[in-house]
Asker: 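There's a structure below that I have some questions on.
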Amino acid sequence: MNLPDLKQAQKRTKDEIKIIYDDYSVPEGMKNIGKDKKYFVKTYGCQMNVHDSENICAILEDLGYSETLTMEDADIIILNTCAIRENAHNKLFGFLGRVKHLKDEKPGIICGICGCMAQEESVVETLKEKYKWVDIVFGTHNIHKLPYILESAIKNDKQEIEVYSIEGNIYESIPVKRDSKYKAWVNIMLGCDKFCTYCIVPYTRGKQRSRLPKDIIREVEKLVSDGYLEVTLLGQNVNAYGKDLDIDYTMSNLLSDVARTGIKRIRFVTSHPWDFNDSMIDVIAKYDNIMPYIHLPLQSGSDRILKLMGRRYTKEEYINLFNKIKERIPNVSITTDIIVAFPGETDEDFQDTLDVVDTCKFDSAFTFIYSPRVGTPAAKMENPLTEEEKNNRLYKLNELVNKYANLKNQEYMDKVVPVLIEGPSEKEGFLMGYTDTMKLVNVECSEKYLGKIVNVKITSVKTWSMDAKIVD
Ligand code: SAM
Ligand code: SF4
């Protein structure tokens with residue numbers, strides 16, 4: 001048993017990161033354990049979690065299980081959790097209530113909890129003390145060991161907890177079962193060393209570690225030869241890619257090399273304004289297959305709050321970068337993340353945030369009420385705001401964000417834009433996809449267009465989506 005330790009998770013050393021090419025295997029006795037059985041994986045949180053679940057699904061298929069999208073039909077149920085906000089806890093324990101009910105009816109069901117909440121001491125303590133029937137708990141650093149963790153739980157018929165609180169290594173041989181045949185997630189770096197004062201990620205995902213360029217390029221080349229059209233390069237701070245490598249190679253170099261693989265569409269998330277340099281902007285502007293879409297989290301428009309958050313840029317620096325990107329990348333769309341009601345945020349600070357939204361007119365934004373995360377510096381700061389005040393701020397911000405999202409979308413009316421048609425739409429007779437600028441479009445077309453990038457004409461526009469028909 002290995003339990004999480006937040007203090008340990010916070011440590012950063014100069015120890016070398018190991019890149020491990022051969023640390024994934026399935027023990028002999030586990031090879032057919034899932035034959036004629038089904039797995040169900042539920043994922044909360046960011047794209048990294050979604051991609052981790054693609055690894056988990058592939059591992060379960062290596063063990064012989066097949067996928068079901070109905071939890072009630074499953075023999076093994078895994079919940080991949082997110083720890084960013086408090087409501088994640090409610091979701092986890094609500095979900096466990098449903099699983100317990102199923103387990104009472106069918107005691108052989110295996111239940112597993114993984115992801116960022118599995119890295120939290122208090123959560124694992126609760127699972128250990130009060131939810132002994134949860135069979136396995138494994139952390140973000142332990143995914144490649146899932147077959148062995150499961151083997152121990154089954155053999156010993158008791159709860160198995162395997163959570164390392166380490167800086168982390170890079171495992172190159174974990175299998176992946178991709179959700180889409182057209183779009184793929186590609187991790188380019190893991191972990192984060194920014195330690196924004198509100199954020200739990202540096203504790204749950206270890207230190208910043210970049211994959212080697214050759215391993216990333218090899219993965220993208222394989223995706224191209226398998227017919228994939230789009231890759232999204234993933235990392236908590238993709239702009240800092242390469243800074244931890246001992247070669248002179250940056251995110252701009254990586255973007256150029258990925259562009260040269262010929263993949264039709266390249267996206268990347270998330271960009272931290274601090275590391276976004278001119279050469280990156282030039283590279284994005286230069287290659288047609290790097291999409292004109294940037295997610296650039298603002299978090300707050302108040303210099304005082306940005307400082308308390310440890311974001312290391314000012315409102316003015318953010319706006320200057322924003323304007324530079326807009327000037328140099330034609331047709332670019334920019335989205336953001338904003339937190340309201342950070343400890344100590346005054347009416348004036350909040351007004352500063354609204355002012356930046358008015359200045360930048362973002363294409364869209366993810367907005368959050370600040371949620372204290374145990375172990376982070378901000379959790380110790382006083383926050384006198386009432387729930388009502390916090391909700392009012394979020395409401396006000398959302399109204400402004402929605403206004404600009406709608407206005408931005410209106411600019412698309414009657415325009416012809418390229419869309420990668422990727423799947424069913426909620427509207428009958430339509431399929432859905434995204435423009436190069438990451439606008440959700442429902443396209444009136446037949447299934448023969450699936451997996452194709454087509455030019456469509458926008459016929460109607462709403463705040464969060466548009467309708468279109470095929471041109472030509
Ligand atoms: N690495 C990205 C960056 O620096 O912008 C963000 C990653 S985080 C998974 C996604 C978003 O969650 C953040 O941009 C922030 O707005 C929000 N977030 C993180 N911690 C939060 C907290 N404690 N309370 C509320 N929102 C939070
Ligand atoms: Fe969290 Fe800040 Fe790292 Fe983003 S950069 S993951 S917000 S600590």
Side-chain angles (χ1 to χ4, degrees), residues 6 9-10 12 43-52 80-89 115-117 119-120 140 167-168 187-209 232-241 243-244 251 268-276 294-301 305-313 318 321-322 334-345 353 356-357 362 364-381 383 385 390-391 393-394 397-398 401:
L6 274 180
Q10 187 180 6
R12 292 295 183 265
T43 312
Y44 290 112
C46 65
Q47 294 96 337
M48 300 244 163
N49 265 17
V50 173
H51 190 38
D52 283 351
N80 190 0
T81 60
C82 166
I84 290 288
R85 283 172 296 279
E86 182 62 34
N87 65 359
H89 285 236
C116 287
M117 276 175 72
Q119 296 291 138
E120 290 189 283
T140 57
E167 292 181 297
N187 280 333
I188 61 167
M189 60 202 297
L190 308 163
C192 179
D193 289 342
K194 291 275 191 281
F195 284 99
C196 300
T197 57
Y198 52 81
C199 185
I200 195 74
V201 170
Y203 308 78
T204 62
R205 292 209 166 253
K207 92 168 161 191
Q208 177 180 306
R209 45 211 201 278
T232 302
L233 309 178
L234 291 180
Q236 292 299 348
N237 291 294
V238 288
N239 319 51
Y241 172 81
K243 288 192 168 173
D244 52 304
M251 183 61 178
F268 52 90
V269 277
T270 294
S271 294
H272 191 301
W274 187 23
D275 294 306
F276 212 122
I294 289 165
H295 186 64
L296 193 68
L298 167 69
Q299 311 301 3
S300 169
I305 296 295
L306 284 170
K307 199 159 189 205
L308 286 173
M309 287 177 161
R311 289 292 288 181
R312 308 182 207 200
Y313 52 83
Y318 183 94
L321 173 64
F322 180 97
I334 303 183
T335 57
T336 197
D337 290 347
I338 298 172
I339 299 175
V340 298
F342 185 81
E345 185 188 76
T353 298
V356 177
V357 175
F362 296 105
S364 139
F366 295 106
T367 56
F368 311 99
I369 292 180
Y370 165 74
S371 168
R373 308 286 66 218
V374 174
T376 60
K380 298 189 196 92
M381 298 177 192
N383 199 348
L385 289 173
K390 293 176 188 175
N391 285 320
R393 284 190 187 172
L394 185 67
L397 174 64
N398 283 343
V401 163

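Ligands are counted one by one from 1 in listed order, and the atoms in each one are counted from 1 as well.
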Asker: Below a 4.0 angstrom heavy-atom separation, can you tell me which part of N237, side chain or backbone, both or neither, approaches ligand 2?
Answerer: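 The answer is the side chain of N237.
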
Asker: Return the residue, atom name and 0.1 Å-rounded distance of the protein heavy atom closest to atom 6 (S) of ligand 2.
Answerer: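 Atom 6 (S) of ligand 2 sits closest to the protein heavy atom Q236 OE1, 3.5 Å.
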
Asker: If you look at every heavy atom in Q119 and T140, which pair is closest and at what distance?
Answerer: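 In terms of heavy atoms, the two residues are closest at OE1-N, 2.7 Å.
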
Asker: Near H272, which atoms of ligand 2 are under 4.0 Å from a heavy atom of that residue?
Answerer: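 The list of qualifying atoms is 5 (S).
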
Asker: For a side-chain contact (heavy atoms from CB on, under 4.5 Å) with P297, tell me which candidate from V269, T335, T270 qualifies.
Answerer: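 One option only clears the test, and that one is T270.
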
Asker: Hey, is R205 one of the residues with a heavy atom under 4.0 angstrom from ligand 1?
Answerer: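 Under 4.0 Å: no for R205.
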
Asker: Will you find, in the side chains of T367 and N398, an N or O donor that is under 3.5 Å from an N or O acceptor?
Answerer: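 Per modelled atom types, T367 and N398 side chains form a pair under 3.5 Å.
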
Asker: Check for me whether R205 has a heavy atom closer than 4.0 Å to any atom of ligand 2.
Answerer: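 Judged by the 4.0 Å heavy-atom criterion, R205 does not count as contacting ligand 2.
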
Asker: Among all protein non-hydrogen atoms, which one is nearest to atom 20 (N) of ligand 1, and what is the separation to 0.1 Å?
Answerer: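 Nearest neighbour among protein heavy atoms for atom 20 (N) of ligand 1, to 0.1 Å: Y198 CD1, 3.3 Å.
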
Asker: Name the closest protein heavy atom to atom 1 (N) of ligand 1, giving the residue it belongs to and the distance to 0.1 Å.
Answerer: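 So the nearest neighbour among protein heavy atoms is Q236 O, 2.8 Å.
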
Asker: Report the distance from atom CG of L234 to atom CE of M48, rounding to the nearest 0.5 Å.
Answerer: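 Rounded to the nearest 0.5 Å, the CG-CE separation comes to 5.0 Å.
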
Asker: Hey, which atoms in ligand 1 end up nearer than 4.0 Å to a heavy atom of R373?
Answerer: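 Within the 4.0 Å cut-off of R373, ligand 1 contributes 23 (N).
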
Asker: Would you indicate which of I339, T336, T270, I84 comes nearest to atom 8 (S) of ligand 1 when only heavy atoms are counted?
Answerer: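 Looking at heavy atoms only, the winner is I84.
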
Asker: Within a strict 4.5 Å, meaning less than it, do heavy atoms of the Q299 and F342 side chains meet?
Answerer: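 Not touching, per the 4.5 Å side-chain cut-off.
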
Asker: So does C192 have any N/O/S atom less than 2.8 Å away from atom 3 (Fe) of ligand 2?
Answerer: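 True for C192.
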
Asker: For atom 1 (Fe) of ligand 2, find the nearest protein heavy atom and state the residue, atom name and distance (0.1 Å precision).
Answerer: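 Closest protein heavy atom to atom 1 (Fe) of ligand 2: C199 SG, 2.3 Å.
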
Asker: Heavy-atom distance under 4.5 Å between the side chains of Q236 and Q208, does that happen here?
Answerer: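 The answer is no, as the side chains (C-beta and beyond) never meet within the 4.5 Å cut-off.
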
Asker: Check ligand 1 against Y370 and write out every atom of the ligand that is under 4.0 Å from a heavy-atom position of the residue.
Answerer: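 Ligand 1 atoms under the 4.0 Å threshold to Y370: 24 (N), 25 (C).
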
Asker: Could you tell me if the side chain of P202 sits less than 4.5 Å from the side chain of D193, heavy atoms only?
Answerer: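 Counting from C-beta outward, D193 and P202 never come under 4.5 Å.
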
Asker: Any idea which of M48, R311, K194, Q299 brings a heavy atom closest to atom 4 (Fe) of ligand 2?
Answerer: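 It is R311 whose heavy atom sits nearest to atom 4 (Fe) of ligand 2.
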
Asker: Can you find a heavy atom in the side chain of R311 that is under 4.5 Å from one in the side chain of W274?
Answerer: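 Counting from C-beta outward, R311 and W274 never come under 4.5 Å.
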
Asker: Given Q299, K194, R85, H272, which has its nearest heavy atom closest to atom 16 (O) of ligand 1?
Answerer: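 Ranked by closest heavy atom to atom 16 (O) of ligand 1, first place is Q299.
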
Asker: For atom 5 (O) of ligand 1, grab the closest protein heavy atom and report residue, atom and distance to one decimal in Å.
Answerer: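 The closest heavy atom on the protein side is P297 CG, 2.9 Å.
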
Asker: Between the side chains of K194 and D275, is the shortest nitrogen-to-carboxylate-oxygen separation below 4.0 Å, so that they form an ion pair?
Answerer: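 Salt bridge: yes.
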
Asker: Which atoms from ligand 2 have a heavy atom of P202 less than 4.0 Å away?
Answerer: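 Selected atoms, number and element: 8 (S).
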
Asker: Heavy atoms, side chains only, cut-off 4.5 Å: are I188 and V238 in contact?
Answerer: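 Of all side-chain heavy-atom pairs linking V238 with I188, at least one is under 4.5 Å.
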
Asker: Return the residue, atom name and 0.1 Å-rounded distance of the protein heavy atom closest to atom 24 (N) of ligand 1.
Answerer: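 Nearest neighbour among protein heavy atoms for atom 24 (N) of ligand 1, to 0.1 Å: S371 N, 3.0 Å.
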
Asker: Do me a favour and list the nearest non-hydrogen protein atom to atom 25 (C) of ligand 1 with residue, atom name and distance?
Answerer: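 Answer for atom 25 (C) of ligand 1: I369 O, 3.5 Å.
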
Asker: Any atoms of ligand 2 less than 4.0 Å from a non-hydrogen atom of V201? List them with their elements.
Answerer: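 Close to V201: 6 (S).
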
Asker: Out of M48, R311, H295, who is nearest to atom 3 (C) of ligand 1 when you count heavy atoms only?
Answerer: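 Result: the heavy atom closest to atom 3 (C) of ligand 1 is in R311.
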
Asker: List the closest protein heavy-atom neighbour of atom 7 (S) of ligand 2: residue, atom name, distance to the nearest 0.1 Å.
Answerer: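 Of the protein heavy atoms, Y198 OH, 3.4 Å lies nearest.
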
Asker: Report yes if some heavy atom in the side chain of L296 is under 4.5 Å from a heavy atom in the side chain of F362; otherwise report no.
Answerer: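 Contact flag for L296/F362 side chains = no.
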
Asker: Considering only non-hydrogen protein atoms, determine which one is nearest to atom 11 (C) of ligand 1 and report residue, atom name and distance to 0.1 Å.
Answerer: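 The closest heavy atom on the protein side is D337 OD2, 3.4 Å.
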
Asker: So which atom in A341 and which in K390 form the shortest heavy-atom distance, rounded to 0.1 Å?
Answerer: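 Nearest pair, atom of A341 first, then K390: CB-CG, 3.5 Å.
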
Asker: At a 4.0 Å threshold, what atoms of ligand 2 neighbour a non-hydrogen atom of F195?
Answerer: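 Listed by number with element: 8 (S).
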
Asker: Which residue and atom name correspond to the protein heavy atom nearest atom 2 (Fe) of ligand 2, and how close is it?
Answerer: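 For atom 2 (Fe) of ligand 2, the nearest protein heavy atom comes out as C196 SG, 2.3 Å.
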
Asker: Please work out whether the ring planes of Y313 and Y318 are parallel, tilted or perpendicular, with thresholds of 30° and 60°.
Answerer: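 Rings of Y313 and Y318: tilted, as their planes differ by 30° to 60°.
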
Asker: What I'd like to find out is whether the side chain of T353 reaches to under 4.5 Å of the side chain of I339, using heavy atoms alone.
Answerer: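 Contact flag for T353/I339 side chains = no.
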
